[in-house]
Protein chains: 4
Amino acid sequence: MDKSIETKKRILFAASELFSIKSYDTITMREIAKRANCSHTTIYLYYKDKSDLLEKLAIPPLLTLAKRIDRIRSRKTLDPLGKLKVIGRGMINFSIENRSLYLTYITVNSIKVDEDDFSSEINAVRNSLFNSLKKVILLNNPYLTEEEALKYGRMIFFQIHGTIMSYINSNEEGLSIRQRVIPILEEALEFLIQGILDKAGPQIK
Amino acid sequence: MDKSIETKKRILFAASELFSIKSYDTITMREIAKRANCSHTTIYLYYKDKSDLLEKLAIPPLLTLAKRIDRIRSRKTLDPLGKLKVIGRGMINFSIENRSLYLTYITVNSIKVDEDDFSSEINAVRNSLFNSLKKVILLNNPYLTEEEALKYGRMIFFQIHGTIMSYINSNEEGLSIRQRVIPILEEALEFLIQGILDKAGPQIK
Amino acid sequence: MDKSIETKKRILFAASELFSIKSYDTITMREIAKRANCSHTTIYLYYKDKSDLLEKLAIPPLLTLAKRIDRIRSRKTLDPLGKLKVIGRGMINFSIENRSLYLTYITVNSIKVDEDDFSSEINAVRNSLFNSLKKVILLNNPYLTEEEALKYGRMIFFQIHGTIMSYINSNEEGLSIRQRVIPILEEALEFLIQGILDKAGPQIK
Amino acid sequence: MDKSIETKKRILFAASELFSIKSYDTITMREIAKRANCSHTTIYLYYKDKSDLLEKLAIPPLLTLAKRIDRIRSRKTLDPLGKLKVIGRGMINFSIENRSLYLTYITVNSIKVDEDDFSSEINAVRNSLFNSLKKVILLNNPYLTEEEALKYGRMIFFQIHGTIMSYINSNEEGLSIRQRVIPILEEALEFLIQGILDKAGPQIK
DNA sequence: GATGAATGAGCCTTCATTCAT
DNA sequence: AATGAATGAAGGCTCATTCAT
């Protein structure tokens with residue numbers, strides 16, 4: 001019983017390691033098995049098939065990210081802009097640690113999109129992510145209409161997403177990416193928030 | 001003669017359509033052929049192999065885009081911010097028209113990067129694109145150091161890129177995308193440029 | 001009219017050149033066409049298909065060889081052993097000039113053997129060749145029974161054939177082959193004929 | 001375990017059968033598989049690829065033959081000519097039993113000769129075979145120079161080789177071949193050895 | 001609980017061959 | 001008389017997946 005659980009974990013871990021450096025299509029079951037130190041047939045004991053394995057793999061980190069963002073949002077010691085920066089950094093870190101999963105969530109490229117279970121789950125998480133972003137925007141400028149909040153939520157997301165996409169498929173080291181990219185993102189967030197404050201909240205004054 | 005050219009085009013178009021929704025590895029020659037309404041062997045009449053097809057597919061539109069941006073940059077009747085907005089709109093239009101390819105250029109996902117010919121060509125164009133962006137930034141704020149210009153060039157690019165990536169894999173209509181996305185992008189560009197002016201050029205005042 | 005014949009010839013020549021350096025399977029119609037400076041479809045104007053081309057190609061040289069051997073056999077200025085040597089040399093030359101045809105005749109490997117027309121024609125020629133050999137043996141020792149003549153004909157043929165097979169698939173230069181191989185063959189023929197004289201014709205004495 | 005070994009053998013056998021009647025290029029993996037009563041993919045379970053299969057196929061029997069010849073050479077109860085005859089018979093038997101492979105060794109037809117591992121191994125064995133032959137010749141006439149021994153070694157080999165080549169691609173029964181061919185070969189060997197003795201060793205007298 | 005054995009589907013590519021001009 | 005366009009069949013090979021133990 002114990003052993004079985006351990007094997008299952010080893011497989012998941014091996015797969016996640018691989019998914020973090022290679023894309024879905026280029027990963028083979030045998031490769032995963034090798035890393036997990038078991039036969040490739042053993043994988044089928046625990047996972048229906050390759051895409052099942054990916055789902056199982058993908059959901060938890062996504063949830064983690066969503067939770068993490070939520071937690072940041074409600075942290076009291078941070079000012080609204082600070083929160084946004086931390087979130088941005090969090091997403092960058094996440095994208096680096098889960099390189100090819102990130103792509104998977106956003107560009108549902110490789111996964112059969114017709115498997116509703118999965119894409120709906122993923123969509124749920126994605127939406128919760130958007131929502132968090134929107135809420136933080138509202139924290140920054142509480143006078144925004146719902147519509148404006150949505151719009152600026154997207155704007156911010158686009159900036160973060162674009163940043164991430166610029167390296168997501170490269171082989172660059174995580175550290176090097178962070179050093180290069182985080183300062184740019186933080187400054188961009190400052191600018192954007194400033195713009196949002198200036199333009200959309202004259203009444204604050 | 002006529003017919004042959006037409007077939008070649010059909011193949012190219014089919015491939016580009018597919019490349020717009022799937023990654024290199026998951027696209028098969030037979031799939032392309034089916035879409036192009038010809039036999040998969042016919043493809044080999046016009047393209048050496050799969051990777052050749054991709055190259056042929058990618059380079060020309062990229063060049064067009066680069067040229068277009070360059071032309072905008074040197075237009076005299078536009079103020080610097082206006083130029084940036086036009087460029088942003090241009091890239092969005094391009095990404096919609098070549099939904100297919102945009103991904104390919106930026107996320108060199110699938111292509112064996114060790115094939116120098118290709119990646120160098122693509123990189124060249126990509127760099128010229130970056131450069132144009134940088135130059136327009138400098139037009140907006142001539143007091144920037146080279147380094148700052150580079151940094152803000154990237155920042156702007158990330159915003160545009162992120163915007164584009166948000167729909168590039170969807171099936172949404174071009175018009176609908178434009179309506180939804182261009183206002184956000186233009187406002188974002190305003191904010192960013194404003195930030196760049198405020199922060200990096202206090203001496204202007 | 002003229003032109004057509006010329007094209008046909010060019011094709012045949014190109015094919016024969018190729019067959020002399022490569023094996024049937026590795027030669028492609030396009031390759032032949034290229035060498036013949038015409039389209040590969042043109043070949044089908046003159047030859048039913050690839051194997052037809054080979055047949056047309058194979059018979060004449062074989063006939064030539066058979067005739068040549070016959071002529072040698074009836075040359076008056078040569079003693080019987082001399083004739084055999086000249087024949088041996090002739091076969092070696094032939095095998096060098098028609099490297100891959102030689103193989104084809106003897107090891108009917110590549111050609112569909114069920115095409116009776118061809119194999120029968122080839123067999124006919126092959127038999128006439130054997131016959132010539134037998135007759136020369138009889139010239140050397142007229143006291144042989146028919147059966148013995150057949151047997152020694154084979155023996156001689158085996159020696160020649162084995163010699164040829166030793167280089168037929170190599171890339172060695174014709175000249176080098178000749179220098180290396182002809183002396184051995186001639187001496188072998190001497191020995192064999194001597195043996196045939198000694199043993200099978202004591203009555204001559 | 002047992003089963004796997006059996007399958008592997010079946011594949012090897014099927015391949016060898018095919019190699020005995022067709023050339024490397026014309027044999028397909030699927031064809032082998034059909035004969036071996038398994039899927040063509042199964043072959044890849046046991047052999048890296050087509051050429052690997054051929055290697056595995058070729059080396060062992062060749063080694064066996066080389067050893068066998070060596071053993072004959074050093075047998076004390078046989079006179080030199082007798083040894084040669086036994087060797088000749090051995091090679092004929094071998095070629096009949098491995099009809100399949102004989103061609104492969106000698107006419108390295110099909111194998112990419114640039115794969116050094118393989119051709120070197122095969123060449124090694126082939127050379128050892130030649131050497132054995134040479135040594136037996138020297139046993140017959142110890143007064144030969146090294147060069148002469150080499151030359152006569154070849155001569156003998158050509159006779160044997162030619163004999164074998166004459167039936168190697170036929171469907172004739174082993175027994176029938178032996179009856180037809182061995183007497184001829186033995187007599188040929190007698191003649192050749194006699195010639196070698198007469199001519200190359202006058203000093204013996 | 002785990003695995004070795006086996007397979008079918010499918011991929012890229014080549015080639016002889018036919019069709020239409 | 002000749003050719004460019006197009007194709008089906010086939011080949012080597014890989015991979016996810018199933019079966020039997």
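Reminder, nothing fancy here: chain letters follow the sequence lines and each chain counts from 1. Just so it is clear, the structure is predicted and the values come from calculations on it, not from any experiment.
Between C/Ile43 and A/Lys48, the residue whose closest nucleotide on DNA chain F is further toward the 5' end is C/Ile43. Both D/Arg30 and C/Arg30 lie near DNA chain E, and the one whose nearest nucleotide falls closer to the 5' end is D/Arg30. Along DNA chain E, the nucleotide closest to B/Asp49 and the one closest to D/Asn37 are compared, and the more 5′ of them pairs with D/Asn37.
Listed pair D/Tyr46 / E/dA6 meets the phosphate criterion, a side-chain N or O lying under 4.0 Å from OP1 or OP2. OP1 or OP2 of E/dA5 has not a single side-chain nitrogen or oxygen of A/Thr41 nearer than 4.0 Å. The shortest distance between the side-chain N/O atoms of A/Thr7 and the OP1/OP2 oxygens of E/dG1 is not below 4.0 Å. Residue C/Ser4 places none of its side-chain N or O atoms closer than 4.0 Å to OP1 or OP2 of F/dA1. The side chain of C/Lys50 places an N or O atom within less than 4.0 Å of a non-bridging phosphate oxygen (OP1 or OP2) of E/dA16.
The interatomic distance linking A/Asp25 (CG) with F/dT14 (C1') rounds to 14 Å, in whole Å. A straight line from NZ of B/Lys34 to P of E/dG10 spans 10 Å, rounded to a whole angstrom. Per the geometry, CG belonging to B/Asp52 stands 14 Å off C1' belonging to E/dT13, to the nearest Å.
Side-chain atoms of A/His40 come within donor-acceptor range of the base of F/dT17, with a qualifying N/O pair under 3.5 Å. With hydrogens and angles left out, the side chain of D/Thr28 and the base of F/dG12 share no donor-acceptor pair within 3.5 Å.
Nearest nucleotide to the D/Ser39 side chain, out of F/dG4, F/dC13, E/dG8: E/dG8. The listed nucleotides are E/dT3, F/dA6, F/dA2; the one nearest the side chain of A/Thr42 is E/dT3. Proximity note for D/Lys3 (side chain, C-beta onward) versus F/dA6, E/dA6, E/dT13: the nearest is E/dA6. For A/Cys38, counting side-chain heavy atoms from C-beta on, the closest listed nucleotide (E/dT7, E/dT3, F/dT7) is E/dT3.
At the heavy-atom level, C/Ile32 lies nowhere under 4.0 Å from the strands shown.
The pair D/Arg35-D/Glu31 does not count as a salt bridge, with every side-chain nitrogen at least 4.0 angstrom from each carboxylate oxygen.
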